[in-house]
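Worksheet: one structure, shown below.
Here is the naming used below: chain letters follow the sequence lines, and residue numbers restart at 1 for every chain. We use all heavy atoms of the structure for the numbers below, so side chains are in, but hydrogens, waters and symmetry mates are not.
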Amino acid sequence: MPISNADIAEVLEEIGTLLELKGENVFKSRAFHAAARTLGSSTADLRRHADENSLTSIQGIGKGIADIITDLVRNGTSSVHRELRKSVPPGVLDMLKVPGLGPKRVRQLYESVGIKSTAELRDAAEQHRLAGIPGFGEKTEQNILSSLDRLEKYADRFLISSAAPVAGALLSLLKEIPGVRRAEIAGSLRRRKEIIGDIDILISCAPSAASAVMKRFTEAPGVDRIVAHGKTKSSVLLAGGIPCDLRIVRDSEFPFALAYFTGSKEHNVAVRSRAKDFGWSLNEYAFTPAGKGKRKAPPRCREEGDIYRALGLSEIPPELREQTGELEAAERGSLPRLIQEADLRGTFHCHTTASDGRDTLEAMADAARQLGWDYLGIADHSKVAAYANGLTPDRVKLQHREIDILNARSRGFRIFKGTEADILSDGTLDWSESMLERFEYVVASIHSKFTMSEQEATRRIIRAIKNRHVTMLGHPTGRLLLQRDGYPVNMKEIIDAAADFGTMIEINADPHRLDLDWRWCRYAAEKGVLLSINPDAHSTAGLKNVSYGIGVARKGWLEAGHVFNTHSLKAVCAQLSINS
DNA sequence: GCCGTTTTCGGCCCGACTGTTTTCAGTCG
């Protein structure tokens, strides 16, 4: 298989990191990281460029990196990369994943004390051998230990975005096998949990096809290791360490198995207990008569929905099966009409090359239009976000001019002039009053000084919510799933304040964030707070993050009407007090 | 290592925070 641009980007990225570890010139390693970023999101035909000797026409690729790419394209590996790898033990690269440890410190630990893995690092920290190394002290030692704890805690958990694409690919592969009747993803992935532990795939097929299905599954691309290989159940480890189970059942059992393996456990317990009231026992294969006294014949169920209907319930969407009142609502017939991706008319909070995005304003707008949207809100970073190339007032002016030109050119599609304004530590915004007035909407977010008490953080955010220029609060807790807890906030107070001041709250749909958490969506909606599903896109591809945001919204019982960016262009203009 | 109408050398994003120091290096976003 030819080496992909993503593969090449990965090698360049690692070369950059290895150079950092070796203490090379930071700008040299940065050049590799920059090149990796460029190629990672590029569709350029690198083989052709290599053959035509034109790799250096790509921004950020000079003679040196061009040679490495040529090597990779022709031979599949790079001698530079191999040599660098030889000089650094593999465990040392893992140490960089420990928050608080960067290349300098890792290098010092490796070179002066000989620590070459996270396991050795833990030993050394526990034995207080780190304090005393120049630059390391008691506190650093403690921080390293708690970082290691956190890393281990999250080691067997995965973002929905790492699981969903591979699960989808596997599913389509299996569906193609002759004899397969039905195939579905089950488990937490089907419930669209933000973090999942494994992928569950369920299949019904003709008995004669079962062994072919199992074979195809265990030999599928992306399977790293076969953990178990049986007739009805196999388990594999996918690349990246994600466990994946496949179960095969009879077609008549499929609805029951699907319900059972979709969970949640708590939801299943409640459903089974309800079945008991009807005189049936429910397991992953069927309804069976149970209990004494009056017995009704168990109902036939062709589809999963038949199970719910047999129990006097309307069909409960998988996302709601978390035992948070869904059975009661299904009994009353008052389940929400959950929002769907097709309800979205546009989105807010996107970045462009003006700040830290990878695609231009025009490319982002084109991509939004291709998604069938009517509008796109651009919210590049404000000036204090220097790390993200935050805009200066002059550059804002330029961007607004560009937006005016693009808007004049297109009918029925509008780019909104927004900003992602940093909330400073005192709760004021990173723009003057007069600057704020120039934007059509403002997303206010925190990007600095995360270590606050809950009271301080809450007060800081509420001050921003009260600011009349703030349209919506961006990623309200700042969490990075599996990496970092959010700043501690009193979410109820924040939502209450948003309701009082008519400020919206973002559902940041970046799969690393998914913030506002779905557990708070219902409360926000009940209080009348409008939510906005924002991809926080840093590229045209990032716009598709909204599908993860839809998952959050659906888990949070939201209907289209609760979400700002389901509104028509006209309604959005009205809400933002813009003459359309 | 990359780049360039201030160009072939000398700069490359920068401010805040933390923990270590006693004026600063490393990390992060």
*Would A:H475 and A:H447 count as a close aromatic pair, with their ring centres under 6.0 Å?*
yes
*asked:* Taking the six-membered ring for Trp, are A:F416 and A:F439 closer than 6.0 Å centroid to centroid?
replied: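 Not under 6.0 Å, so no.
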*Take nucleotides 22-28 of chain B nucleotide by nucleotide from the 5' end and write B, S or -, depending on whether a protein heavy atom sits under 4.0 Å from the base, only from the sugar-phosphate, or from neither.*
----SSS
Please state how far atom [atom1] in [X] lies from atom [atom2] in [N], giving the value in whole angstrom units.
X	N	atom1	atom2	answer
A:F27	B:dC14	CZ	C1'	11 Å
A:I133	B:dT20	CD1	C1'	14 Å
A:I144	B:dT18	CD1	P	17 Å
A:L391	B:dC14	CG	C1'	15 Å
A:D356	B:dC14	CG	C1'	14 Å
A:K63	B:dG1	NZ	C1'	12 Å
A:H447	B:dC14	NE2	C1'	15 Å
A:K28	B:dC3	NZ	P	15 Å

_Cationic N near anionic O, under 4.0 Å, A:K417 to A:E402_ = no
*Name the closest nucleotide to the A:R30 side chain, picking from B:dC13, B:dG1, B:dC17.*
B:dC13
*Among B:dC2, B:dG19, B:dC17, find the nucleotide with the atom closest to the side chain of A:I65.*
B:dC2
Report which part of the nucleic acid [X] touches: base, sugar-phosphate, or nothing (heavy-atom distance under 4.0 Å, all strands).
X	value
A:S29	nothing
A:E24	nothing
A:N143	sugar-phosphate
A:S448	nothing
A:I61	sugar-phosphate

_Atom CD of residue position A:E111 - does it have more than 12 heavy atoms of other residues, nucleotides or ligands inside 6.0 Å?_
yes
Separation between the [atom1] atoms of [N] and [M], rounded to whole Å:
N	M	atom1	value
B:dC2	B:dC13	C1'	16 Å
B:dG15	B:dG10	P	24 Å
B:dT21	B:dG26	C1'	13 Å
B:dT6	B:dG1	C1'	22 Å
B:dT5	B:dC12	P	16 Å
B:dT20	B:dT27	P	13 Å
B:dT22	B:dC17	P	23 Å

*Want to settle it: does A:I58 or A:P134 sit nearer the 5' end of DNA chain B, counting the closest nucleotide to each?*
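Nearest nucleotide further toward 5': that of A:I58.
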*In terms of the nearest nucleotide of DNA chain B, which residue is placed more toward the 5' end: A:G60 or A:G132?*
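Looking at DNA chain B, the more 5' nearest nucleotide goes with A:G60.
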*State, yes or no, whether a side-chain contact exists between A:V489 and A:T458 at a heavy-atom distance under 4.5 Å.*
yes
*Side chains of A:D496 and A:Y523: donor-acceptor distance under 3.5 Å anywhere?*
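Yes, A:Y523 and A:D496 have a side-chain donor paired with an acceptor closer than 3.5 Å.
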_Does either side chain, that of A:E506 or that of A:S532, offer a donor lying less than 3.5 Å from an acceptor on the other one?_
no
*Using the side-chain contact (heavy atoms from CB on, under 4.5 Å) rule, pick out the option among A:L12, A:L72, A:D67 that qualifies with A:S78.*
A:L72
*asked:* Test: salt bridge (Lys or Arg N to Asp or Glu O under 4.0 Å). Region: residues 124-144 of chain A. Which pairs qualify, not counting sequence neighbours?
replied: A:R122-A:E126
*Counting Watson-Crick and G-U wobble pairs only, both distances under 3.5 Å, name the nucleotide matched with B:dT8, or none.*
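Pairing partner, where one exists within any strand: none, as none qualifies.
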